[in-house]
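Written below as structure tokens is the structure these notes are about.
Residue numbers run from 1 in the order of the sequence given.
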Amino acid sequence: MNGLQAYQRVNNQTSTVDADPHRLIQLLYNGAIERINMAKARMQASDHAGKGQLIGKAIDIIGGLRSFLDFEKGGDLAPRLEALYDYMERTLLEASAKNDVAKLDEVLSLLRSIKEGWDGIREEAVGQQAAG
């Protein structure tokens, strides 16, 4: 599943047609963070089915983020992010299996850090797209 499909499955109320690639990735980060927070609430409420569905959606979104990695232009950052996304997916599976809120918090912290960096390059990224 590519990133666009992952996002459309998660939040089809927002028009991805109008979103530039940088904004689409921001929306994917937001969607993953939101689903993990919701999964935490379901985990704490002992709603195992709901927790599993939400963690599954978060994993799908992270897979979508992975599909956007550009290994030609990304230098050493792309393989490092790919490894980090893989780690997050495995950690989410473990969190789900063990009902481990701390593992969810760990992935949330990683996603927020990456998103903060991504948000910080918005003007540069949009400027390059306009010039390209």
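- Here Leu81 pairs with Leu69, Leu77, Tyr85, Ile114 under the side chain to side chain contact (heavy atoms under 4.5 Å, CB included) rule; sequence neighbours left out.
- For the atom pair CD (Glu34) and CG (Leu54), the distance works out to 9.5 Å, reported to the nearest 0.5 Å.
- Atom CD in Glu82 sits 3.5 Å away from atom CZ in Phe71 (nearest 0.5 Å).
- Considering only heavy atoms from C-beta on, Arg66 comes within 4.5 Å of Asp86 through its side chain.
- In this structure, CG on Leu84 lies 4.0 Å from CE on Met88, to the nearest 0.5 angstrom.
- Looking only at side-chain heavy atoms (C-beta outward), Arg112 and Tyr29 stay at 4.5 Å or farther from each other.
- Cluster membership for Val101 and Met38, using ILVMFWY side-chain heavy atoms within less than 4.5 angstrom, is not shared.
- Across all non-hydrogen atoms, the minimal contact from Ala78 to Asp70 is CB-O, 3.7 Å.
- Under the 4.5 Å side-chain criterion, counting only non-hydrogen atoms from C-beta, Ile55 is not in contact with Ile36.
- A 4.5 Å side-chain heavy-atom check between Phe68 and Leu24 finds at least one atom pair inside the cut-off.
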Using atom types as modelled, flag every donor-acceptor pair under 3.5 Å from a side chain in residues 42-49 to any protein atom, sequence neighbours excluded.
unit_1: Arg42; atom_1: NH1; unit_2: Asp47; atom_2: OD2; d: 3.2
unit_1: Asp47; atom_1: OD1; unit_2: Gly50; atom_2: N; d: 2.9

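- With values rounded to the nearest 0.5 angstrom, Asn30 atom CG is found 9.5 Å from Ile61 atom CD1.
- Counting only heavy atoms from C-beta outward, the side chains of Leu93 and Glu89 never approach each other to under 4.5 Å.
- Atom CZ of Arg90 sits in a crowded spot, with more than 12 heavy atoms from other residues, nucleotides or ligands closer than 6.0 Å.
- Going from atom NZ of Lys115 over to atom CG of Leu28 covers 11.5 Å, rounded to the nearest 0.5 Å.
- Taking 4.5 Å as the limit, every side-chain heavy atom of Leu110 sits out of range of all side-chain heavy atoms of Thr91.
- The minimum heavy-atom distance between Ala32 and Ala58, with the atom names listed, is O-CB, 4.2 Å.
- Judged as a side chain to side chain donor-acceptor pair (under 3.5 Å), the pairs with a partner in residues 100-109 (not counting sequence neighbours) are, in order, Lys40-Asp105, Tyr87-Glu106.
- Taken to the nearest 0.5 Å, the CG atom of Leu108 stands 5.0 Å off from the CG atom of Asn37.
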